[in-house]
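Take a look at the structure below.
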Amino acid sequence: MRHENPFQLLIAAILSAQCTDAIVNKVTPRLFARFPDAASLAKADISEVEMLIRPTGFFRNKARAIQETSRLLVTRFGGEVPRTLKELVTLSGVGRKTANVLLSAAALEGWEGWDAVLGGLGIVVDTHVLRLSRRLGFTESADPERVEQDLQGIFPGEEWASLPLRLIYFGREVCTARRPRCAECPLLPYCPAGLKGSATWGSAGGQGGQI
DNA sequence: ATCCCGAGGG
DNA sequence: CCCTCTGGAT
């Protein structure tokens with residue numbers, strides 16, 4: 001997700017719920033040209049915000065969320081993005097997944113002043129991470145928090161920030177939800193769902209996309 | 001468990 | 001047409 005600072009990534013991450021990042025990247029340049037920081041977005045006309053973000057879906061909820069979050073940044077966090085998961089999830093439209101997106105970006109991009117709190121970093125579990133974790137046998141659970149715990153038990157802490165980005169890319173290009181390209185997959189020899197899955201997921205009578 | 005909601009792919 | 005997309009709040 002494109003961003004120039006923590007505020008922009010926070011807003012973009014809220015907008016990315018149930019929406020491709022390509023669409024988020026399409027609307028954020030206009031949004032941030034009009035409202036570049038928390039102070040300006042906090043005072044914005046809500047209907048104008050709705051128009052700007054409409055293509056991302058859930059636009060009424062999301063407009064309310066990013067404006068309320070901007071107000072909270074101004075009134076409770078000095079106009080800055082808070083740097084702990086506990087504080088981040090108090091923001092409107094921000095759950096554990098979105099909070100972990102911020103902490104992961106801070107770790108990967110080496111944000112100034114964030115290193116002290118990165119011990120609380122978790123693993124981003126979105127729709128791709130959830131699906132691939134189940135297919136690859138990292139977890140049996142469908143609960144995002146439980147999946148995160150299972151992944152934390154498998155991967156060393158240094159990989160927690162980068163793992164989701166790699167799974168997401170892999171999930172978009174190869175291990176897609178609907179019709180995974182098992183024939184082109186380098187992980188096929190190690191995949192429990194593997195080719196036997198494609199018989200189930202695919203055409204005849206299968207209740208497709210169970211995993 | 002349900003609602004929010006538009007856009008793109010198959 | 002139906003399913004999926006870097007979910008969160010009620």
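Letters A, B, ... are given to chains in the order of the sequence lines, protein chains preceding strands, and every chain is numbered from 1.
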Are A:L31 and A:F58 connected in the hydrophobic side-chain network, where two residues link if heavy atoms are under 4.5 Å apart?
no
How would you list, by chain and number, every residue that makes a salt bridge (Lys or Arg N to Asp or Glu O under 4.0 Å) with A:D126, sequence neighbours excluded?
none
Nearest-Å distance for atom pair CZ/C1', residues A:R96 and C:dT6:
16 Å
Rounded to whole Å, the CD-C1' distance (A:Q67 to C:dG8) equals 18 Å
A:F7 side chain near A:S70 side chain, heavy-atom distance below 4.5 Å:
yes
With heavy atoms under 4.0 Å as the rule, sort A:L15 into base, sugar-phosphate or nothing.
nothing
Go through it in stages, so that I can follow the logic: the residues are A:W160 and A:L151, the test is side-chain contact (heavy atoms from CB on, under 4.5 Å), and I'd like the CA-CA distance, side-chain angles, deciding distance and then a yes or no.
CA-CA 8 Å; A:W160 290 4; A:L151 290 174; over 6 Å; no
In whole angstrom, give the distance that lies between atom NZ of A:K62 and atom P of B:dC5.
10 Å
Using a strict heavy-atom distance below 4.0 Å, which residues from residues 17-46 of chain A are in contact with DNA chain C?
A:A17, A:Q18, A:C19, A:T20, A:D21
Counting side-chain heavy atoms from C-beta on, which of B:dG9, B:dC5, C:dG7 comes nearest to A:D126?
C:dG7
Taking atom P of C:dC5 as reference, at what distance in whole Å does atom CD1 of A:I14 sit?
21 Å
Which residues pass the salt bridge (Lys or Arg N to Asp or Glu O under 4.0 Å) test with A:R166, sequence neighbours left out?
A:E159
If stacking means aromatic ring centre less than 5.5 angstrom from the base's six-membered ring centre, planes under 30°, is A:F58 stacked on B:dC5?
no
What is the distance from NE2 of A:H3 to C1' of C:dT6, rounded to the nearest Å?
13 Å
Expressed as a whole number of angstroms, how long is the span from A:E68:CD to B:dC4:P?
21 Å
Would you measure the distance from the P atom in B:dC4 across to the matching atom in C:dT6 and give it in whole Å?
23 Å
If you look at every strand shown and take non-hydrogen atoms under 4.0 Å, does A:T98 touch a base, only sugar-phosphate, or nothing?
sugar-phosphate
At 4.0 Å (heavy atoms only), tell me whether A:T56 reaches a base, stays on the sugar-phosphate, or touches nothing.
nothing
Using a 3.5 Å limit on both pairing distances, list the dot-bracket string of DNA chain C from the 5' end; Watson-Crick and G-U wobble pairs count, crossing pairs take [ ], interstrand pairs take |.
|||||.||||
Donor-acceptor pair, A:R131 side chain versus A:G171 backbone, under 3.5 Å?
yes
Whole-Å distance, A:N61 CG to B:dT2 C1', equals 13 Å
Connected to A:I23, directly or through other members, by ILVMFWY side-chain contacts below 4.5 Å are none
Closest non-hydrogen atoms of A:V27 and A:T56, given as atom of the first, atom of the second and distance, are CG2-CG2, 3.8 Å
Which heavy-atom pair separates A:L72 from A:S92 by the least distance, and what is that distance?
CD1-N, 4.1 Å
Below 4.0 Å: OP1/OP2 of C:dC5 and any side-chain N or O of A:R131:
yes
If I take atom CD1 in residue A:I66 and atom C1' in nucleotide C:dG8, what distance separates them, rounded to the nearest angstrom?
14 Å
If you pin A:R181 and A:R60 to their nearest nucleotides in DNA chain B, which one's is more 5'?
A:R60
Within the structure shown, what part of the strands sits under 4.0 Å from A:R54 by heavy-atom distance: base, sugar-phosphate, or nothing?
sugar-phosphate
Pick the nucleotide of DNA chain C nearest each of A:V94 and A:M1; which residue has the one closer to the 5' end?
A:M1
Taken in chain and number order and not counting sequence neighbours, the residues that satisfy ring-ring contact (aromatic ring centres under 6.0 Å, His included) with A:Y169 are none
